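Notes follow once the structure below has been shown.
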Amino acid sequence: MMQERLYSAPGCTSEERFGEASAAGETLGERMRRSLEQDIARGDLAPGARLDEKEIAERFGVSRTPVREAFRLLAANGLVELRGRQGAIVREIGVNQLLEMFQVMAELEGLCARLAARRITPAQRAMMSDIHARLEAMGEENDPARFYQINLEFHEVIYEASRNDFLAEQTRSLRNRVGAYRLRVTYLPERVRHTLKEHAEVMEAIFAHDAERAHAAMRAHLTLLGDDLIDFIAQFGKE
């Protein structure tokens, strides 16, 4: 069978459509899974949203076969539910499970910060400082969605600085599953200001090569995010 081709929109490359360049041997369905996973993590595809097979096939310029493969992969990662005739639905997470996931997230990110404090490179230090400065500038512009996107970059540097690929992969996977809910927290009053303060504490500990303090600061940061999220959901009567 002839390999499925990707047809990009005019002026848009395959890499721009699907994010980073694909790994060797990665199927089109796997590439689509990565792109849709990013949409879910950013909150562009909200919990409970239906993924229209036909619309997504047209969006990426492919047949429905790789779309179905992408849906199966997303379901295997816990990001969507396959509901027969209803199709694929972005998975909604209940309050109790969210709390449990944030507890695990706090430990994973705390370990990333602990290892980063021991292994961070000068280039990564400079990158982290630059991202933090951008976050401070964005904090003055009242744009929580954009702030959240830059915030992801800050955490990503810490994952990379841990120099533990397996840990980084597991942390990203869980982060993507709760991404839409983390985004909601950004809209809470004072959350941006608190995030900047907490990031500064994490960064200071990492730069001082204080592994224990870095772990504690990052763990506290994610724990507070979880508490804020539960308050946010309770405020609107969601379960």
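Nothing here was measured: the structure is a model prediction, and the numbers come from that model.
Checked by atom type and distance alone, the side chain of Glu30 pairs as donor or acceptor with a backbone atom of Thr27 at under 3.5 Å. Between the side chain of Asp52 and the backbone N or O of Lys54 there is at least one donor-acceptor pair closer than 3.5 Å. Side-chain atoms of Arg125 come within 3.5 Å of backbone atoms of Phe207 as a donor-acceptor pair (strictly under, hydrogens ignored).
Screening Leu174, Val178, Thr223 for a side-chain contact (heavy atoms from CB on, under 4.5 Å) with Phe102, the sole residue that qualifies is Val178.
The shortest non-hydrogen separation linking Gly29 to Ala70 is O-CB, 3.5 Å. Residues Ile206 and Ala113 share a closest heavy-atom pair of CG1-O, 3.9 Å.
Every side-chain hydrogen bond (donor to acceptor under 3.5 Å, both in side chains) that Lys197 has, sequence neighbours left out, goes to Glu201. For the salt bridge (charged side-chain N to carboxylate O under 4.0 Å, His left out) test, no residue two or more places apart in sequence or in another chain qualifies with Asp143. For the side-chain hydrogen bond (donor to acceptor under 3.5 Å, both in side chains) test, residues two or more places apart in sequence or in another chain that qualify with Glu190 are Arg193. Residues meeting the side-chain hydrogen bond (donor to acceptor under 3.5 Å, both in side chains) test with Asp130, sequence neighbours left out: none.
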Any chance you could lay out the side-chain contact (heavy atoms from CB on, under 4.5 Å) test for His199 and Asn151, step after step, and finish with the verdict? CA-CA 9 Å; His199 278 191; Asn151 175 65; 2.6 Å; yes
For the pair Leu222 and Leu108, evaluate side-chain contact (heavy atoms from CB on, under 4.5 Å) and give the outcome as yes or no after the intermediate values. CA-CA 10 Å; Leu222 269 294; Leu108 289 175; over 6 Å; no
Would you please test Arg177 and Arg172 for side-chain contact (heavy atoms from CB on, under 4.5 Å) and show each step? CA-CA 9 Å; Arg177 290 182 65 182; Arg172 289 189 191 101; over 6 Å; no
side-chain hydrogen bond (donor to acceptor under 3.5 Å, both in side chains) evaluation trace for Thr171 with Arg175: CA-CA 6 Å; Thr171 306; Arg175 178 196 67 189; over 6 Å; no
Does the side-chain contact (heavy atoms from CB on, under 4.5 Å) test come out yes or no for Arg59 and Ser35, once each step is laid out? CA-CA 12 Å; Arg59 168 188 167 190; Ser35 182; 4.1 Å; yes
Show your reasoning for whether salt bridge (Lys or Arg N to Asp or Glu O under 4.0 Å) applies to Arg114 and Glu212. CA-CA 6 Å; Arg114 178 197 296 273; Glu212 292 300 323; 2.5 Å; yes
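By the rule that hydrophobic residues join a cluster once side-chain heavy atoms approach within less than 4.5 Å of another member, Ile131 and Phe147 end up as members of one cluster. Linking ILVMFWY residues whenever their side-chain heavy atoms come closer than 4.5 Å, directly or via other members, places Met138 and Val192 in the same cluster. If you chain together hydrophobic residues whose side chains sit under 4.5 Å apart, Leu36 and Leu28 fall into the same group.
In this structure, the separation between CZ on Arg33 and CD1 on Ile40 is 10.5 Å, given to the nearest 0.5 Å. Rounding to the nearest 0.5 Å gives a distance of 7.0 Å between CG of Leu152 and CZ of Arg182. The line from CZ of Arg34 to CG of Leu73 is 11.5 Å long, rounded to the nearest 0.5 Å. Here Ser173 contributes atom OG and Met105 contributes atom CE; the two are 9.5 Å apart, rounded to the nearest 0.5 Å. Note: Ser129 OG to Arg134 CZ = 12.5 Å, rounded to the nearest 0.5 Å. Remark: Asn77 CG to Arg72 CZ distance equals 13.5 Å, nearest 0.5 Å.
Between Thr195 and Leu135 the shortest side-chain heavy-atom distance does not fall below 4.5 Å. Side-chain contact between His132 and Leu196 is present, with heavy atoms from C-beta onward closer than 4.5 Å. Between Arg213 and Glu204 the shortest side-chain heavy-atom distance falls below 4.5 Å. Put simply, the side chain of Glu153 does not reach to within 4.5 Å of the side chain of Met127, judged on heavy atoms. Taking the side chain as every heavy atom from C-beta outward, Phe71 and Val67 approach each other to under 4.5 Å. Inter-residue side-chain proximity for Val185 and Tyr148 is flagged as unmet; no heavy-atom pair is nearer than 4.5 Å.
Residue-environment remark: CZ (Arg219) stays at or below the threshold of 12 foreign heavy atoms within 6.0 Å.
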Name the atoms and distances for all side-chain donor-acceptor pairs under 3.5 Å in residues 115-122, with sequence neighbours left out.
unit_1 : atom_1 : unit_2 : atom_2 : d
Arg119 : NH1    : Ser162 : O      : 2.9
Thr121 : OG1    : Gln124 : N      : 3.1
Thr121 : OG1    : Gln124 : OE1    : 3.3

Side-chain polar contacts of residues 87-99 - donor-acceptor pairs under 3.5 angstrom, sequence neighbours left out - could you list them?
unit_1 : atom_1 : unit_2 : atom_2 : d
Arg91  : NH2    : Gln97  : OE1    : 3.2

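Using cut-offs of 30° and 60° on the angle between ring planes, the pair His221 and His155 is parallel.
Between the side chains of Glu109 and Tyr159, at least one donor N or O lies within less than 3.5 Å of an accepting N or O.
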